[in-house]
Amino acid sequence: MFSQTDFSHMERALALAARGMYTTTPNPRVGCVLVKDGDVIGEGFTQPAGQDHAEIRALKDARARGHDPRGATAYVTLEPCSHFGRTPPCVHALIDARVAKVIAAMEDPNPAVSGRGLAILRDAGIDVRCGLLANEAYEMNIGFVSRMTRRRPWVRMKVAATLDGRTGLPSGESQWITGEAARADGHAWRARACAILTGIGTVREDDPQLTVRAVETPRQPQRVLIDSRLDVPLTARILEGPPPWVFCGAEPDPAKADALRERGIEFTPLTNEQGKVDLPAMLGILADRGINELHVEAGHKLNGSLLREGCVDELLVYLAPSLLGSAPGMFDFTPPDTLDARPHLRFHRIDRLGDDLRILARFAVVKTDVPTDAKPII
């Protein structure tokens with residue numbers, strides 16, 4: 001169905017999509033390549049929200065180079081949109097440009113599109129094919145797929161630990177368990193996320209900035225803090241710079257609430273029956289705000305709560321070749337009654353970074369009709 005040339009052009013489209021890794025949210029990362037008579041005549045990738053989508057950029061690029069896109073083939077990593085959002089539908093731009101063929105990597109999971117864009121193109125007489133490098137396209141936009149199909153972000157929990165699963169000394173000291181390469185890689189995963197989540201325990205113990213520093217990025221992800229009683233110190237570094245979003249209990253301390261409001265910090269009371277922050281409901285709220293990927297860097301207690309509530313999709317674990325013995329672990333939750341009842345994961349990828357190992361393990365597959373053995377794109 002697809003030639004080697006088709007594969008090459010779609011790989012190029014995916015590489016273009018990756019250029020929007022840090023900038024397209026809440027929109028998906030999409031790349032487009034226009035090919036005519038065997039030559040690439042235009043390229044583009046989706047710009048920040050409200051600006052051109054990949055197809056529009058590719059058409060503009062082709063015309064700027066002096067090429068006529070009539071009769072061209074458009075390779076696009078996601079089904080062209082068919083609805084009016086911040087920008088007009090891309091399908092009409094392709095139809096008006098009179099392209100001859102559109103090859104899409106995968107259908108758009110957005111219910112407002114979901115096959116309609118491809119149908120409109122076919123009805124206009126354009127040869128449409130879908131499914132080329134679908135897995136790679138899925139990995140590129142795994143968070144967008146999650147938000148569209150489940151109304152929750154894709155939640156990635158990052159942990160750095162020793163071979164015996166310890167994350168620090170009993171005193172709380174944990175810097176640095178892993179080496180420089182692993183730490184830089186962790187920042188790359190931070191950078192691709194829409195938001196970074198931590199808990200008040202980590203703020204008290206480590207006073208993290210929770211920002212991307214080890215890699216270049218054009219924007220910092222939204223920081224999210226879970227703090228049931230609004231105990232966050234006003235001197236905490238997480239309160240510096242762009243304000244974090246704080247989720248707290250139903251009745252926060254009025255004085256602390258006023259102090260946070262004066263600093264422009266948003267906090268959302270959201271409690272469950274136990275008086276703690278309702279974690280599944282929080283994910284829904286984050287999705288409504290356009291958060292596609294949520295990166296968690298928290299302590300063992302919050303990690304355990306997120307796991308217990310079914311709020312984690314994959315684990316990003318860095319293992320250092322060392323041992324700490326009786327010290328804090330990665331997760332704190334009640335063990336199952338039987339081995340069969342234990343949470344099951346599958347290894348998605350294992351890599352060596354310097355002296356450390358990086359393990360990406362997933363709890364579940366979001367879309368079972370899309371293969372999930374591609375390399376993660378960061």
Side-chain angles (χ1 to χ4, degrees), residues 1-20 24 27-46 52-62 67-83 88-142 144-145 148-149 365-375 377:
M1 181 177 181
F2 298 113
S3 68
Q4 187 57 50
T5 299
D6 292 331
F7 275 90
S8 297
H9 290 313
M10 188 61 79
E11 286 173 348
R12 174 58 182 168
L14 286 163
L16 289 167
R19 293 187 182 180
T24 64
N27 293 332
R29 304 148 180 151
V30 183
C32 180
V33 174
L34 292 175
V35 179
K36 185 175 181 180
D37 298 327
D39 297 322
V40 174
I41 64 170
E43 297 183 334
F45 62 93
T46 297
D52 291 339
H53 288 189
E55 300 92 326
I56 306 304
R57 295 287 289 191
L59 289 169
K60 287 182 176 179
D61 182 45
H67 296 292
D68 185 347
R70 285 182 295 180
T73 296
Y75 295 86
V76 60
T77 59
L78 189 69
E79 173 186 1
C81 64
S82 58
H83 66 296
C90 292
V91 290
H92 297 323
L94 292 170
I95 292 170
D96 292 342
R98 297 176 64 183
V99 301
K101 182 187 293 186
V102 173
I103 297 180
M106 63 178 288
E107 288 190 6
D108 192 332
N110 186 344
V113 183
S114 194
R116 289 182 55 215
L118 300 179
I120 291 172
L121 293 170
R122 289 192 179 100
D123 290 344
I126 295 174
D127 181 6
V128 176
R129 302 179 188 182
C130 187
L132 177 60
L133 295 179
N135 188 31
E136 285 75 6
Y138 168 81
E139 289 290 334
M140 180 74 68
N141 289 301
I142 195 167
F144 180 75
V145 173
M148 289 295 107
T149 59
V365 176
V366 177
K367 290 190 68 175
T368 56
D369 59 327
V370 178
T372 55
D373 57 352
K375 296 179 180 179
I377 302 171

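The basis for the numbers below is simple: all heavy atoms, side chains too, and nothing from hydrogens, waters or symmetry mates.
Not counting sequence neighbours, the partners of Arg129 by the salt bridge (charged side-chain N to carboxylate O under 4.0 Å, His left out) test are Asp127. For Glu43, the salt bridge (charged side-chain N to carboxylate O under 4.0 Å, His left out) partners two or more places apart in sequence, or in a different chain, are Arg12. With sequence neighbours excluded, the residues forming a side chain to side chain contact (heavy atoms under 4.5 Å, CB included) with Ser8 are Gln4, listed by chain and number. Residues that satisfy the side chain to side chain donor-acceptor pair (under 3.5 Å) test with Lys60, not counting sequence neighbours, are Asp52. Scanning for side chain to side chain contact (heavy atoms under 4.5 Å, CB included) contacts around Ala93 gives Ile56, Leu59, with sequence neighbours left out.
Proximity of Arg98 to Pro69: side-chain heavy atoms (C-beta onward) are nowhere separated by under 4.5 Å. For the pair Glu107/Cys130, a side-chain contact is recorded, criterion being any heavy-atom separation below 4.5 Å from C-beta on.
Between Asp39 atom CG and His67 atom NE2 the span is 7.5 Å, to the nearest 0.5 Å. Note that CG of Leu14 and NE2 of His9 are 13.5 Å apart. Values are rounded to the nearest 0.5 Å. To the nearest 0.5 Å, atom CE of residue Met10 and atom CG of residue Leu133 are 6.5 Å apart. We find the CG-NZ distance between Leu121 and Lys101 to be 13.5 Å, quoted to the nearest 0.5 Å. With rounding to the nearest 0.5 Å, the separation of CG in Leu94 from CD1 in Ile120 is 11.5 Å.
Within a 6.0 Å sphere centred on CZ of Arg122, other residues, nucleotides and ligands contribute more than 12 heavy atoms.
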Give every donor-acceptor pair under 3.5 Å between a side-chain atom in residues 70-80 and any protein atom, sequence neighbours left out.
{"unit_1": "Arg70", "atom_1": "NE", "unit_2": "Asp68", "atom_2": "OD1", "d": "3.4"}
{"unit_1": "Arg70", "atom_1": "NE", "unit_2": "Asp68", "atom_2": "OD2", "d": "2.6"}
{"unit_1": "Arg70", "atom_1": "NH2", "unit_2": "Asp68", "atom_2": "OD2", "d": "2.6"}
{"unit_1": "Tyr75", "atom_1": "OH", "unit_2": "Asp6", "atom_2": "OD1", "d": "2.5"}
{"unit_1": "Thr77", "atom_1": "OG1", "unit_2": "Gly31", "atom_2": "N", "d": "3.0"}
{"unit_1": "Glu79", "atom_1": "OE1", "unit_2": "Asp108", "atom_2": "N", "d": "2.9"}
{"unit_1": "Glu79", "atom_1": "OE1", "unit_2": "Gly115", "atom_2": "N", "d": "2.9"}
{"unit_1": "Glu79", "atom_1": "OE2", "unit_2": "Gly115", "atom_2": "N", "d": "3.0"}
{"unit_1": "Glu79", "atom_1": "OE2", "unit_2": "Arg116", "atom_2": "N", "d": "3.3"}
{"unit_1": "Glu79", "atom_1": "OE2", "unit_2": "Gly117", "atom_2": "N", "d": "2.8"}
{"unit_1": "Glu79", "atom_1": "OE2", "unit_2": "Leu118", "atom_2": "N", "d": "3.1"}

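For the pair Asp61 and Gly42, the tightest heavy-atom approach, listed with the atom from each and the gap, is OD2-CA, 3.3 Å. Taking each heavy atom of Arg57 and Phe45 in turn, the nearest pair found is CG-O, 3.6 Å. Smallest separation of non-hydrogen atoms from Ala105 and Ala137: CB-CB, 3.6 Å. Residues Gly131 and Phe2 share a closest heavy-atom pair of C-CE1, 4.1 Å.
Judged by distance alone, with hydrogens and angles left aside, the side-chain atoms of Thr46 form no donor-acceptor pair with the main-chain N or O of Arg29 at under 3.5 Å.
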